Amino acid sequence: MKLDLLGNRQRTHYCGELRKAHAGQPVFVCGWVARRRDLGNLIFLDLRDHTGVTQVVCRPEVSGEAHDKAEEARAEYVIGVEGEVVLRAPETVNPQLSTGEVEVVARTLLVLNEAKTPPFPIDDDLRTTEETRLRYRYLDLRRGRMQHHLRLRHAASLAVREHLSAHGFVEIETPFMTRSTPEGARDYLVPSRIYPGRFYALPQSPQLFKQILMIGGFDRYFQIVRCFRDEDFRADRQAEFTQVDVEMAFPQREVLFGIIEELMVKLFALIEVKVERPLPLLAYDAAMEKYGSDKPHLGFDLAWKRVSLPERAREQIHVAEPLKALRVPGWATASRSQLDKLQEHAKQSGADWFSYAKVTASEVQSPLVKIIGDEPIRAVAGAVNAVPGDLIVMLGLKSASSARLETLPLQRVRQLDEASGEVRLDVARKLDLIKPGTWNFVWVVDFPMFGYDEKEKRFDAMHHPFTSPCDEDLQKLESDPASVKARAYDLVLNGSEIGGGSIRIHRQDVQKRIFNIIGLTEEKARERFGFFLDALEYGTPPHGGMALGYDRIVQLMAGESNIREVIAFPKTASGVDLMCGAPSQVDSPQEDELELMSAYPNLPADAWVLAASCDELLRLLDDEVFSRAVPGENQLQKAMALILAKARDDARAATRLAKAGYGPQSAGLCRAVVEASINARYIERDPEARGEAFLRSIVEGNRRLADKLARHPVPADLKEAINEAQKVESESKWPRSVAERAYDAQKQNYHYDVVFFLLSQQLHSDVAALAGKVALPDLPQLKIRIGRGKDAVKLALFTVFTYLHDVAEVAYTAFGLRKDGLYAARDRFERAHLSGAVSVDV
Ligand code: ASP
């Protein structure tokens with residue numbers, strides 16, 4: 001349809017503004033058509049903007065043209081209406097609508113733009129998938145609810161800026177393109193074009209910069225800042241998120257808490273919630289014992305207690321000390337199936353021992369009674385102050401050995417605590433104890449300084465490594481790290497961590513000791529944070545601060561259960577921006593300029609299945625062989641160590657090439673892996689002699705020979721070199737040709753004749769093979785296809801797996817390693833084939 005021009009018309013009112021008092025006034029209102037009702041000679045349009053809806057009436061007797069256009073208007077058309085505000089007749093007043101007492105009679109109607117039919121109606125009780133909403137975010141954003149949330153977010157930002165500025169904090173921007181920051185997640189990296197092979201990292205937080213701002217004399221800093229962490233996706237996590245980041249010099253924790261609490265008061269005033277100060281403090285240890293979480297929901301009164309049972313009883317039921325008991329007031333009515341479900345949940349959460357007791361006026365009822373008698377259970381009931389009508393839930397971890405009474409080490413106590421936290425929430429949900437509209441803030445304090453990393457067998461900073469230990473624990477840093485407390489704190493609201501921070505280390509000597517304890521060598525620390533360690537040496541004031549999880553806070557204020565609802569353009573739970581389609585492939589020239597070898601986007605899905613198998617095998621070898629020392633006592637072990645190492649690197653390179661779409665090149669390289677397997681099998685048949693021959697064949701003489709050949713020797717030299725080579729080789733008794741070795745190794749002759757040949761062809765293409773690359777054979781003009789593709793990719797990956805696995809098998813036998821992992825990897829590889837997930841057209 002023909003569109004109108006806005007011209008120089010200026011809007012006089014927003015749609016949601018019009019009231020009785022405007023009756024009789026001429027207005028010009030604009031917006032989107034929310035609804036059209038056509039009663040023939042009377043057309044109603046609901047006109048919407050972000051402030052609300054106004055009813056527009058088009059009557060032919062007022063303006064035939066406006067009426068005609070209204071006939072054609074559809075939902076989401078953009079229109080402007082010039083007309084007069086009139087009172088509605090009493091019986092047509094709409095009390096649901098703030099503008100319901102009036103309507104605008106259209107004199108002129110401008111159709112400023114058309115709209116396709118939207119995939120979902122723009123209203124608040126929307127029933128469409130989140131996926132559709134995110135794909136058409138611009139339509140979703142028109143909804144009142146999204147308008148409200150993002151405007152609330154804006155108001156909150158203003159409050160943050162105003163409040164912190166009033167307290168002397170200065171807003172300073174810190175870089176996005178920077179070096180790795182120490183929050184313990186993976187960095188997003190930005191490749192540098194100008195410095196090939198170098199990367200900027202996107203900040204996981206401005207941590208080091210804000211500390212440097214304190215060194216730089218700014219005294220108080222804040223920033224509403226984006227942070228980036230490349231972590232596995234979880235339902236409610238965003239790769240980029242916003243923090244209110246704060247730091248102050250010469251800090252007293254209470255002063256900082258006061259400032260942040262006042263900020264909470266102001267933020268929640270925006271939603272008419274009164275936050276009572278001061279907020280309660282809870283020590284980490286107590287939080288873990290009572291609530292089984294370092295971010296406990298304090299909105300309901302359920303608290304665990306560590307309890308113990310007499311030795312004999314524990315022996316009888318094989319449970320380790322300590323156990324935990326939870327009193328659930330009035331839930332002695334719990335049904336069998338409710339308790340079964342609770343037990344199931346407890347087990348899933350990591351507590352493998354579960355029991356319960358029901359307290360009545362005269363007795364305790366529990367499945368334990370007939371095993372250990374009722375005395376110990378009464379004692380537990382007493383310990384948790386149970387009264388008749390209560391249920392007591394008991395959790396524990398099974399004792400590893402039935403003979404010995406086991407006391408749980410700290411990590412296992414934590415495991416039990418975490419399970420108890422899950423069960424507590426589960427009970428609260430079942431009994432509907434979490435009431436909407438309640439706001440329970442708590443500061444969790446006195447965190448341990450270190451956690452123990454079981455896998456790496458070392459301590460790690462529980463917060464980041466710039467957190468200060470408590471002054472009084474300084475002397476036991478090295479002697480008893482597990483008991484050292486940190487000057488760290490978290491702010492928790494309704495069971496969500498909404499902020500966290502610490503008083504920092506400001507002394508170089510303490511900082512070094514911490515790095516030492518977490519196993520960060522001076523060299524590594526220098527490499528990662530050298531600039532920061534330097535800065536620390538130039539008069540660093542005591543300082544501390546925190547960061548608030550801004551998305552989460554606004555989400556809670558908005559009454560939503562997901563942070564995506566308060567982010568204008570969020571990514572899905574799996575990290576995709578459905579509207580703009582990020583992440584996306586990039587144009588190849590850019591990739592080339594950046595010297596990146598990325599994945600080739602057009603590989604078929606089953607090539608990725610194969611690649612995953614290869615990567616799994618490579619990881620396994622790295623873990624089981626290359627991350628430790630292997631025995632080198634005999635010739636076979638020595639030879640296999642070298643052969644496997646080279647095969648591993650060739651296989652890794654071939655896999656990378658294949659994933660990047662350099663299939664023929666990858667396949668060519670795979671010959672080396674096949675040769676490794678021929679060598680391995682050849683040596684295996686006479687390990688001592690052939691192992692030695694192999695080792696001798698690769699020593700010094702051959703290297704010198706290769707050097708000479710590389711320097712374009714004069715004929716005499718060449719002759720000498722060849723003689724020397726022949727001598728070395730004949731002395732080593734290592735057969736010169738692969739074929740010879742292949743024919744002497746069990747089954748390998750076939751692999752040589754067929755596979756080796758096939759792979760060789762990829763590299764030494766003959767003319768016939770080249771012809772495949774010529775698109776237009778009508779000479780004298782040729783168009784040659786270059787660049788990456790999927791040819792031979794699967795062949796290469798298939799070869800990598802099969803032959804690397806073969807080499808590994810021989811090596812594992814030689815080293816005396818268990819082959820379970822190796823066989824499991826091959827099973828998965830074979831199952832992928834049998835299931836049809838992979839079709840190899842080699
Ligand atoms: N940088 C920390 C974080 O992102 C907060 C802080 O210690 O101030 O969690």
Side-chain angles (χ1 to χ4, degrees), residues 609-626 630 635-655 657-658 666-687 690-691 693-694 734-735 737-760 762 792 794-834 838 840 842:
V609 176
L610 278 174
S613 289
C614 295
D615 284 334
E616 184 193 353
L617 179 58
L618 286 161
R619 261 197 312 274
L620 185 80
L621 295 182
D622 290 355
D623 251 27
E624 295 189 340
V625 181
F626 297 110
V630 290
Q635 305 299 355
L636 175 66
Q637 288 173 342
K638 287 186 186 137
M640 283 317 299
L642 295 178
I643 291 174
L644 183 62
K646 176 160 189 308
R648 182 264 171 214
D649 284 347
D650 290 337
R652 171 79 180 102
T655 307
L657 283 172
S666 170
L669 178 54
C670 279
R671 290 193 325 159
V673 188
V674 177
E675 185 168 344
S677 104
I678 289 172
N679 290 347
R681 293 293 179 197
Y682 172 76
I683 295 176
E684 200 186 24
R685 280 163 63 88
D686 184 0
R690 290 181 178 184
F694 169 75
W734 182 252
S737 86
V738 204
E740 210 175 314
R741 278 170 265 150
Y743 272 84
D744 201 274
Q746 228 166 2
K747 290 190 293 185
Q748 301 295 327
N749 50 350
Y750 163 81
H751 297 155
Y752 172 73
D753 287 344
V754 179
V755 182
F756 212 72
F757 176 70
L758 197 70
L759 300 176
S760 303
Q762 301 294 335
K794 287 198 280 183
L795 167 67
L797 291 168
F798 187 82
T799 311
V800 165
F801 188 94
T802 312
Y803 289 92
L804 181 61
H805 195 279
D806 197 53
V807 179
E809 229 185 313
V810 180
Y812 272 49
T813 311
F815 302 145
L817 291 174
R818 290 177 62 94
K819 294 184 192 162
D820 313 21
L822 213 51
Y823 290 150
R826 194 174 58 198
D827 275 355
R828 276 189 286 276
F829 176 73
E830 278 168 4
R831 248 179 288 131
H833 282 265
L834 293 177
V838 179
V840 178
V842 290

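Just so you know, residue 1 is the first one in the sequence shown, and it goes up from there. All values reported here derive from a predicted model rather than from experimental measurement.
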Looking only at heavy atoms, which two atoms of [X] and [Y] are closest? And how far apart?
{"X": "C670", "Y": "V800", "value": "SG-CG2, 3.6 Å"}
{"X": "A651", "Y": "L618", "value": "CB-CD2, 4.2 Å"}
{"X": "L669", "Y": "A654", "value": "CD2-N, 3.7 Å"}
{"X": "L621", "Y": "A808", "value": "CD2-CB, 3.8 Å"}
{"X": "A667", "Y": "A796", "value": "N-CB, 3.7 Å"}
{"X": "M640", "Y": "F815", "value": "C-CZ, 4.2 Å"}

Between [Y] and [X], is there a side-chain heavy-atom distance shorter than 4.5 Å?
{"X": "L822", "Y": "L617", "value": "yes"}
{"X": "L795", "Y": "L759", "value": "yes"}
{"X": "V755", "Y": "F798", "value": "no"}
{"X": "N679", "Y": "W734", "value": "yes"}
{"X": "R681", "Y": "V807", "value": "no"}

Carboxylate-amine/guanidinium proximity below 4.0 Å for [X] and [Y]:
{"X": "D622", "Y": "R648", "result": "yes"}
{"X": "E624", "Y": "R818", "result": "no"}
{"X": "D623", "Y": "R619", "result": "no"}
{"X": "E684", "Y": "R690", "result": "no"}

Rounded to the nearest 0.5 Å, what separation is found between the [atom1] atom of [X] and the [atom2] atom of [Y]?
{"X": "R828", "Y": "F801", "atom1": "CZ", "atom2": "CZ", "answer": "9.0 Å"}
{"X": "S613", "Y": "L797", "atom1": "OG", "atom2": "CG", "answer": "9.0 Å"}
{"X": "E740", "Y": "I678", "atom1": "CD", "atom2": "CD1", "answer": "12.5 Å"}
{"X": "L804", "Y": "L644", "atom1": "CG", "atom2": "CG", "answer": "6.5 Å"}
{"X": "H805", "Y": "E809", "atom1": "NE2", "atom2": "CD", "answer": "6.0 Å"}
{"X": "Y682", "Y": "I643", "atom1": "OH", "atom2": "CD1", "answer": "11.5 Å"}

Query raised in the report: Counting distance only, does the side-chain N/O of S677 pair as donor-acceptor with the main-chain N or O of V673 below 3.5 Å?
Result: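 No, S677 side chain to V673 backbone: no donor-acceptor pair under 3.5 Å.
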Query - Exam field: side chain R741 to backbone P735, donor-acceptor pair closer than 3.5 Å - result: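 A pair under 3.5 Å: yes.
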Query raised in the report: Is it true that Y803 and H751 have ring centroids separated by less than 6.0 Å?
Result: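 Under 6.0 Å, so yes.
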Query raised in the report: Does any donor atom in the side chain of R671 or S760 lie under 3.5 Å from an acceptor atom in the other side chain?
Result: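 Distance-only check passes for R671 and S760.
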Query raised in the report: Which residues satisfy the side-chain hydrogen bond (donor to acceptor under 3.5 Å, both in side chains) test with R652, sequence neighbours excluded?
Result: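 In terms of side-chain hydrogen bond (donor to acceptor under 3.5 Å, both in side chains), with neighbours along the sequence ignored, R652 is linked to no residue.
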Query raised in the report: So Y752 and E675, side-chain contact (heavy atoms from CB on, under 4.5 Å) or not? Walk me through it.
Result: CA-CA 8 Å; Y752 172 73; E675 185 168 344; over 6 Å; no
**Report entry** F626, CZ: over 12 other non-hydrogen atoms inside 6.0 angstrom
**Finding:**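 Result for CZ/F626: enclosed.
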Query raised in the report: Between H833 and F829, how do the two ring planes meet: parallel, tilted or perpendicular, split at 30° and 60°?
Result: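 Perpendicular: the ring planes of H833 and F829 meet at over 60°.
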Query raised in the report: D744 and R685: side-chain contact (heavy atoms from CB on, under 4.5 Å), yes or no, with the steps?
Result: CA-CA 9 Å; D744 201 274; R685 280 163 63 88; 3.7 Å; yes
